[in-house]
Undergrad: 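Have a look at this one.
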Amino acid sequence: ENNMVQSNPCYTFCNGAWGMSEPSMRLYCKKGCDADDVDSIDQCKQDFCPSLCIKDELGEDDDKKGKWTTIFARAPIKSDDCLDACYAGCQNIVLDDD
(Lines give C-alpha, C1' and ligand atoms only; values in the text may rest on other atoms or scores of the structure.)
Protein backbone atom coordinates (compact mmCIF):
# COMPACT_ATOMS: atom_id res chain seq x y z
CA GLU A 1 0.00 0.00 0.00
CA ASN A 2 2.93 2.37 0.41
CA ASN A 3 3.53 2.72 -3.33
CA MET A 4 0.47 4.96 -3.66
CA VAL A 5 2.38 7.71 -5.43
CA GLN A 6 3.83 5.58 -8.20
CA SER A 7 0.51 3.91 -8.91
CA ASN A 8 -1.56 7.09 -8.96
CA PRO A 9 -2.70 7.24 -12.62
CA CYS A 10 -3.29 10.97 -12.30
CA TYR A 11 0.33 11.60 -11.25
CA THR A 12 1.49 9.40 -14.10
CA PHE A 13 -0.55 11.52 -16.48
CA CYS A 14 0.95 14.74 -15.12
CA ASN A 15 4.50 13.40 -15.44
CA GLY A 16 3.80 12.40 -19.02
CA ALA A 17 2.06 15.63 -19.99
CA TRP A 18 4.93 17.90 -18.96
CA GLY A 19 8.62 17.12 -19.14
CA MET A 20 11.36 17.55 -16.58
CA SER A 21 11.85 21.10 -17.84
CA GLU A 22 8.43 22.14 -16.56
CA PRO A 23 8.39 21.13 -12.90
CA SER A 24 5.89 23.84 -11.98
CA MET A 25 3.35 22.58 -14.50
CA ARG A 26 3.75 19.04 -13.23
CA LEU A 27 3.35 20.24 -9.67
CA TYR A 28 0.12 22.13 -10.32
CA CYS A 29 -1.23 19.23 -12.32
CA LYS A 30 -0.57 16.96 -9.33
CA LYS A 31 -2.22 19.47 -7.03
CA GLY A 32 -5.26 19.13 -9.27
CA CYS A 33 -5.01 15.36 -8.80
CA ASP A 34 -5.00 15.87 -5.06
CA ALA A 35 -7.84 18.40 -4.91
CA ASP A 36 -9.61 17.98 -1.61
CA ASP A 37 -13.31 18.32 -0.95
CA VAL A 38 -14.37 18.15 -4.58
CA ASP A 39 -17.25 15.95 -5.68
CA SER A 40 -16.84 16.42 -9.42
CA ILE A 41 -14.41 17.46 -12.10
CA ASP A 42 -16.40 20.68 -12.58
CA GLN A 43 -16.09 21.56 -8.92
CA CYS A 44 -12.38 20.85 -9.10
CA LYS A 45 -12.04 23.24 -12.04
CA GLN A 46 -14.38 25.94 -10.79
CA ASP A 47 -13.49 26.03 -7.11
CA PHE A 48 -10.18 24.35 -6.47
CA CYS A 49 -8.00 25.53 -9.37
CA PRO A 50 -8.84 29.24 -9.16
CA SER A 51 -8.17 29.23 -5.42
CA LEU A 52 -4.85 27.51 -6.08
CA CYS A 53 -3.73 29.59 -9.03
CA ILE A 54 -5.30 33.01 -8.60
CA LYS A 55 -4.97 35.17 -5.56
CA ASP A 56 -8.35 35.61 -3.95
CA GLU A 57 -9.75 39.12 -4.24
CA LEU A 58 -10.90 39.03 -0.64
CA GLY A 59 -8.02 38.00 1.53
CA GLU A 60 -7.64 39.07 5.14
CA ASP A 61 -4.43 40.95 4.46
CA ASP A 62 -5.48 42.40 1.13
CA ASP A 63 -7.17 45.42 2.67
CA LYS A 64 -3.87 46.43 4.29
CA LYS A 65 -2.10 46.26 0.96
CA GLY A 66 -3.13 48.22 -2.09
CA LYS A 67 -5.81 46.89 -4.41
CA TRP A 68 -3.19 46.32 -7.11
CA THR A 69 -1.69 43.40 -5.21
CA THR A 70 -4.75 41.32 -6.08
CA ILE A 71 -3.51 40.98 -9.66
CA PHE A 72 -0.60 38.86 -8.51
CA ALA A 73 -1.16 35.15 -8.69
CA ARG A 74 -0.06 32.88 -5.85
CA ALA A 75 1.59 30.52 -8.27
CA PRO A 76 5.13 31.29 -9.47
CA ILE A 77 3.99 30.70 -13.04
CA LYS A 78 1.38 32.54 -15.05
CA SER A 79 -2.13 32.01 -13.77
CA ASP A 80 -3.25 30.68 -17.15
CA ASP A 81 -0.51 28.07 -17.17
CA CYS A 82 -1.26 27.10 -13.60
CA LEU A 83 -4.96 26.75 -14.42
CA ASP A 84 -4.19 24.64 -17.51
CA ALA A 85 -2.07 22.29 -15.43
CA CYS A 86 -4.56 22.17 -12.58
CA TYR A 87 -7.45 21.52 -14.97
CA ALA A 88 -5.49 18.65 -16.48
CA GLY A 89 -5.09 17.18 -13.01
CA CYS A 90 -8.82 17.61 -12.37
CA GLN A 91 -9.65 15.81 -15.62
CA ASN A 92 -7.65 12.82 -14.47
CA ILE A 93 -8.71 12.89 -10.84
CA VAL A 94 -9.79 9.59 -9.37
CA LEU A 95 -13.11 10.37 -7.74
CA ASP A 96 -14.53 7.97 -5.22
CA ASP A 97 -17.85 6.89 -6.65
CA ASP A 98 -19.03 4.92 -3.67
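For reference, positions follow the sequence shown, starting with 1.
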Undergrad: Any chance the SG atoms on C49 and C86 come in under 2.5 Å?
TA: yes
Undergrad: Which heavy atom in M25 sits nearest to a heavy atom in A85, and how many Å separate them?
TA: O-CB, 3.3 Å
Undergrad: Using a distance-only test with no angle check, is there a side-chain donor-acceptor pair under 3.5 angstrom linking K30 and N15?
TA: yes
Undergrad: Please examine the side chains of I93 and V38, heavy atoms only from C-beta on, and report whether any two atoms are closer than 4.5 Å.
TA: yes
Undergrad: Quick check against the 3.5 Å criterion: does E22 have a side-chain atom that pairs as donor or acceptor with the backbone of W18?
TA: no
Undergrad: Mark yes when over 12 heavy atoms from residues, nucleotides or ligands other than K45 sit less than 6.0 Å from its NZ; otherwise mark no.
TA: yes
Undergrad: Would you compute the distance between atom CG of D34 and atom SG of C44 and round it to the nearest 0.5 angstrom?
TA: 10.0 Å
Undergrad: If you round to the nearest 0.5 Å, how far is NZ of K78 from OG of S24?
TA: 11.5 Å
Undergrad: Just verifying a value: how many Å separate Y28 OH and C33 SG, rounded to the nearest 0.5 Å?
TA: 14.5 Å
Undergrad: If the test is side-chain contact (heavy atoms from CB on, under 4.5 Å), which one of Y87, Y11, F13 qualifies with C29?
TA: F13
Undergrad: Give, for atom NZ of K31 and atom SG of C14, the distance between the pair rounded to the nearest 0.5 Å.
TA: 12.0 Å
Undergrad: Which heavy atom of L83 sits nearest to which heavy atom of P50, and what is that distance?
TA: CD2-N, 3.9 Å
